[in-house]
2 protein chains.
Amino acid sequence: MESADLKRLGLKVTHPRMKILELLETSEARHMSAEEVYKALSNAGEEIGLATVYRVLTQFETAGLVIRHYFENGRISVFELAETAHHDHLLCVKCGKIIEFSDNIIEERQKVIAEQHGFSIKDHCLYIYAECTDYKNCEYYEQYLQNQ
Amino acid sequence: MESADLKRLGLKVTHPRMKILELLETSEARHMSAEEVYKALSNAGEEIGLATVYRVLTQFETAGLVIRHYFENGRISVFELAETAHHDHLLCVKCGKIIEFSDNIIEERQKVIAEQHGFSIKDHCLYIYAECTDYKNCEYYEQYLQNQ
DNA sequence: ATGTATGCAAAACATTTGCACCTGG
DNA sequence: CCAGGTGCAAATGTTTTGCATACAT
């Protein structure tokens, strides 16, 4: 992603926007809340206000650059770079690990179901909540506990 | 649903609890926010505090009596009686109409996908956002506009 | 009687907004 | 230069909580 991409979207290439984009691209976590983005930038010495983080992420969402998720139980929303193709999510409720997947059979059935009811499908989200086999040894577990 | 059911769940049979349960059972809307429940009760002359509505609905959720949904875009959650079997939701983004459906093929695929990743599935939710063919004449449209 | 529930008001929480100042093109 | 972007603080909307009172058993 480069400054030209922002320009193309009609957004000025500002420092906060570039830094947020950069973070989303380089961060290990593919899904981050506004607060997490804010803190990560803060830790990196970037003084970018939380309000700006929200504004920029919302603009990116509108521009189709990021996807915003409202995972169940969570009042907070998380953002993900929209660089990859559509996918759904499989989440471990114990360690917070998130697996992305895509299944043609499910996608196809959804279309059929919508049609059967006379609806034209615009969007959908499928979240599978599960337990991974070995969450205690999972790389995410410790970090997850901290956030609880 | 009767007072015995509440007792069985270890909940005292109080006036607010009975009224909320009654409302969820008799209301036309199968999905209601806490605020909507509060207002409906208020209109019916019941003086039940909003905090109580939240507390009771949360207890009902814990007891498995109701299901709480966090529909996309919505910061508010809606509650639904858990009396019927599991189902997913097809929502019209124009009029707010909600269709409940269940599809064995989708359910089955989810199990397979979870297993493939070594996860044991606990729960899931699938929301399909769509447009219904004739939302302007839809019975829900007017009411929906008011709430916007 | 006593442990639980309730109502109210205040707090908490994520998110948005108003406004004065700053900055990219 | 100036429209648009930013930071801060204040506002918002939903949900939760503390506490004194009321109620179910």
Side-chain angles (χ1 to χ4, degrees), chain A residues 2-21 23 31-42 45-63 65-66 68-79 147-148, chain B residues 2-23 31-42 44-63 65-79 146-148:
Chain A
E2 306 185 9
S3 56
D5 295 293
L6 285 181
K7 278 207 190 98
R8 191 165 27 79
L9 297 168
L11 296 172
K12 276 188 186 172
V13 181
T14 64
H15 183 71
R17 285 184 184 148
M18 287 308 284
K19 283 297 167 189
I20 291 173
L21 208 44
L23 175 67
H31 303 80
M32 299 182 81
S33 66
E35 189 76 35
E36 283 166 350
V37 168
Y38 172 73
K39 280 187 187 152
L41 291 170
S42 194
E46 299 292 339
E47 310 218 330
I48 298 174
L50 182 55
T52 299
V53 171
Y54 274 106
R55 272 187 290 234
V56 169
L57 286 173
T58 303
Q59 289 159 347
F60 284 0
E61 186 195 9
T62 305
L65 229 55
V66 307
R68 185 175 190 150
H69 293 288
Y70 304 83
F71 291 141
E72 209 86 343
N73 311 325
R75 309 247 38 74
I76 73 168
S77 41
V78 297
F79 300 83
N147 296 332
Q148 296 312 297
Chain B
E2 304 184 11
S3 55
D5 294 293
L6 285 182
K7 279 207 188 97
R8 190 163 29 77
L9 297 168
L11 296 171
K12 277 188 184 171
V13 181
T14 65
H15 184 71
R17 285 183 184 149
M18 289 306 286
K19 284 296 167 188
I20 291 173
L21 208 42
E22 209 172 279
L23 175 68
H31 303 80
M32 299 182 83
S33 66
E35 188 77 33
E36 283 167 350
V37 168
Y38 171 73
K39 280 188 187 152
L41 291 170
S42 193
E46 298 291 339
E47 310 217 331
I48 297 175
L50 182 55
T52 299
V53 171
Y54 273 105
R55 274 187 290 234
V56 169
L57 287 173
T58 303
Q59 290 159 347
F60 284 0
E61 185 195 9
T62 305
L65 228 57
V66 307
I67 295 169
R68 185 176 190 151
H69 294 287
Y70 303 84
F71 290 141
E72 209 86 342
N73 314 322
R75 308 247 38 75
I76 72 166
S77 40
V78 297
F79 300 83
Q146 281 176 10
N147 297 331
Q148 297 311 298

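Everything numeric here is computed off the predicted structure, so don't read it as measured data. No hydrogens, no waters, no symmetry mates; every other heavy atom, side chains included, goes into these values.
Rounded to whole Å, the distance from CG on Leu9(B) to P on dT4(C) is 16 Å. Between the P atom of dG7(C) and the CG atom of Leu41(B) lies a distance of 10 Å, rounded to the nearest Å. Here the C1' atom of nucleotide dG7(C) and the CD atom of Glu46(B) are 15 Å apart, to the nearest Å. The separation between Leu6(A) atom CG and dG24(C) atom C1' is 13 Å, rounded to whole Å. With rounding to whole Å, Ile76(A) atom CD1 is found 19 Å from dA12(C) atom P. dT15(C) atom P lies 15 Å from atom OH of Tyr38(A), rounded to whole Å. Counting to the nearest Å, the C1' atom of dG13(D) and the CD atom of Glu35(B) are 9 Å from each other. Here dC13(C) presents its P atom at 14 Å from CZ of Arg75(A), a figure rounded to the nearest Å.
Taken to the nearest 0.5 Å, the CG atom of Leu23(A) stands 14.0 Å off from the OH atom of Tyr38(A). Interatomic distance, Ser33(A) OG to Arg68(A) CZ, rounded to the nearest 0.5 Å: 10.5 Å. Atom CE of Met32(B) and atom CZ of Phe79(B) lie 11.5 Å apart (nearest 0.5 Å).
Two residues are said to be in side-chain contact when any heavy atoms from C-beta on lie closer than 4.5 Å; Phe71(A) and Ile76(A) fail this criterion. Counting heavy atoms from C-beta on, the side chains of Val37(A) and Leu41(A) come closer than 4.5 Å.
The backbone N or O of Arg75(A) lies less than 3.5 Å from a partner atom in the side chain of Arg75(B), making a donor-acceptor pair.
Checked against salt bridge (Lys or Arg N to Asp or Glu O under 4.0 Å), Glu35(B) has no partners two or more places apart in sequence or in another chain. Residues meeting the side-chain hydrogen bond (donor to acceptor under 3.5 Å, both in side chains) test with Glu61(A), sequence neighbours left out: none.
Considering Leu57(A), Leu50(A), Thr52(A) as possible partners of Tyr54(A), the one that fulfils the side-chain contact (heavy atoms from CB on, under 4.5 Å) test is Leu50(A).
Remark on the helix from dA1(C)-dT25(D) to dG25(C)-dC1(D): inter-end axis angle 30°, axes from five-pair C1' superpositions, rounded to 10°.
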Between side-chain atoms of residues 13-22 of chain B and protein atoms elsewhere (two or more places apart, or another chain), which donor-acceptor pairs fall under 3.5 Å?
from, atom 1, to, atom 2, distance (Å)
Thr14(B), OG1, Arg17(B), N, 3.4
His15(B), NE2, Glu46(B), OE1, 2.6
Arg17(B), NE, Gln59(B), OE1, 3.3
Arg17(B), NH1, Lys12(B), O, 2.9
Arg17(B), NH2, Gln59(B), OE1, 3.2
Lys19(B), NZ, Glu22(B), OE2, 3.4

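Residue contacts shown for Ser33(B) are absent, as no nucleic acid heavy atom lies under 4.0 Å away. Glu47(B) comes within contact range of the sugar-phosphate backbone alone, with a heavy-atom separation under 4.0 Å but no base atom that close.
When every heavy atom of His31(B) is checked against every heavy atom of Glu36(B), the shortest pair comes out as O-OE1, 3.9 Å.
Residues from residues 56-63 of chain B lying near DNA chain C, meaning a heavy-atom separation below 4.0 Å, are Val56(B) in numerical order.
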Per-nucleotide protein contact string for nucleotides 17-25 of chain D (B base, S sugar-phosphate only, - none; heavy atom under 4.0 Å): BB-----BS
